[in-house]
Amino acid sequence: MGKQFSSILPEHQEFIQRQHIFFVGSAPLSKTGHVNLSPKGYDSFRILSGQRVAYLDLAGSGNETSAHIIENGRVTIMFCAFEGAPSVLKLYGTGTVALPDTKQWNELYPLFNPLPGARQIIVVDIHMVQNSCGFAVPFMTYTSEREKLKEVSIQMGEEALKRYAYEKNLESIDGLPTAFAFNKSNIN
């Protein structure tokens, strides 16, 4: 078992800032529901304090994390070293979803570099940080970010992306409502 901490320590923050990818895990309460695991890239992760983090969530074909957070709040974020010393760092917490044009979005969005396709900000209040060895994680070399999501988002435009989110991201694959389902008045 790895070492557990009640908050993000300075060495954890340094490790997080060196990573090019992180993974977000969430699950519904139903034992027949689908567990979600999503890779995230770009410069989309921010440490707000030792016990609070946020990431800028971009347009996509699914919105499982939002639905699971709305239902039960549980979310885990994992970073692992593909370069350098082996390490796996997990942040366990409870999430909230900030949609565009809300007070929380307006407070948090300036902390991020603008990215085309930004659809929501996931905020996680951390109750446990766990660091483990990562001895079996392979070495992989980072070359660059994929540009396809940015290109498609720019091509679609902000209004079309907003409509897409409110048409296609209203519920999870298990039929659970996402934050967009509770904010339908925001679509033109």
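Values below: all heavy atoms of this structure, side chains included; hydrogens, waters and symmetry mates excluded. Position 1 is the first residue of the sequence; numbering continues from there.
With sequence neighbours left out, E151 forms a salt bridge (charged side-chain N to carboxylate O under 4.0 Å, His left out) with no residue at all. Partners of F15 according to the ring pair (Phe, Tyr, Trp, His ring centres under 6.0 Å) rule, which considers only residues two or more places apart in sequence or in another chain, do not exist here. In terms of the side chain to side chain donor-acceptor pair (under 3.5 Å) criterion, R18 has no residue partners (sequence neighbours excluded).
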Pairs under 3.5 angstrom only: tabulate donor-acceptor contacts from the side chains of residues 23-41 to other protein residues two or more places apart or in another chain.
from	atom 1	to	atom 2	distance (Å)
S26	OG	H68	ND1	2.7
S30	OG	T32	N	3.1
S30	OG	T32	OG1	2.9
S30	OG	G33	N	3.4
H34	ND1	D174	OD1	2.6
N36	ND2	S38	OG	3.2
N36	ND2	T65	OG1	3.4
K40	NZ	D57	OD1	3.1

Side chains of residues 135-147: which donor-acceptor partners sit under 3.5 Å, not counting sequence neighbours?
from	atom 1	to	atom 2	distance (Å)
Y142	OH	E145	N	3.2
Y142	OH	E145	OE2	3.4
E145	OE1	Y42	N	3.1
E145	OE2	Y42	N	3.3

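Put simply, the side chain of T178 gets close to the backbone of N169: a donor and an acceptor are under 3.5 Å apart. The backbone N or O of L149 sits less than 3.5 Å from a side-chain atom of S153, completing a donor-acceptor pair. Side-chain atoms of R46 come within 3.5 Å of backbone atoms of L111 as a donor-acceptor pair (strictly under, hydrogens ignored).
For the residue pair P86 and G134, the shortest heavy atom distance occurs at CB-O, 3.4 Å. Here the shortest heavy-atom pairing between E64 and I173 reads OE2-N, 3.0 Å.
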Please walk me through it: do K162 and E158 pass salt bridge (charged side-chain N to carboxylate O under 4.0 Å, His left out)? CA-CA 6 Å; K162 187 176 183 180; E158 283 187 43; over 6 Å; no
Do Q4 and V129 pass the side-chain contact (heavy atoms from CB on, under 4.5 Å) test, and can you show the C-alpha distance, the side-chain angles, and the key distance before you say yes or no? CA-CA 6 Å; Q4 297 174 350; V129 176; over 6 Å; no
Starting from the C-alpha separation in whole Å, work towards a yes-or-no answer on side-chain contact (heavy atoms from CB on, under 4.5 Å) for T96 and Q104. CA-CA 10 Å; T96 57; Q104 191 175 30; 3.9 Å; yes
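Surrounding NZ of K90 are at most 12 heavy atoms belonging to other residues, nucleotides or ligands under 6.0 Å away.
Residue Q51 holds its CD atom at 12.5 Å from CE of M128, rounded to the nearest 0.5 Å. With rounding to the nearest 0.5 angstrom, the CD1 atom of I126 is 6.0 Å from the CD1 atom of I77.
Within the structure, every pair that satisfies the ring pair (Phe, Tyr, Trp, His ring centres under 6.0 Å) test and touches residues 87-118, not counting sequence neighbours, is listed here: W105-Y109.
A continuous path of hydrophobic side-chain contacts links L108 to L56 [ILVMFWY only; heavy atoms under 4.5 Å]. Neither M78 nor I8 shares a network with the other; the hydrophobic side chains, linked directly or stepwise wherever heavy atoms of I, L, V, M, F, W or Y lie under 4.5 Å apart, form separate groups for each. I69 and L58 are members of different hydrophobic clusters when ILVMFWY side chains are connected at heavy-atom separations under 4.5 Å. In this structure, F79 is a member of the same hydrophobic cluster as F5, with clusters built from ILVMFWY side-chain heavy atoms closer than 4.5 Å. Under the 4.5 Å side-chain contact rule for hydrophobic residues, F45 and I122 share a cluster.
For the residue pair N63 and Q120, a side-chain donor N or O sits within less than 3.5 Å of a side-chain acceptor on the partner.
For Y166 and F180, the distance between ring centers is under 6.0 angstrom.
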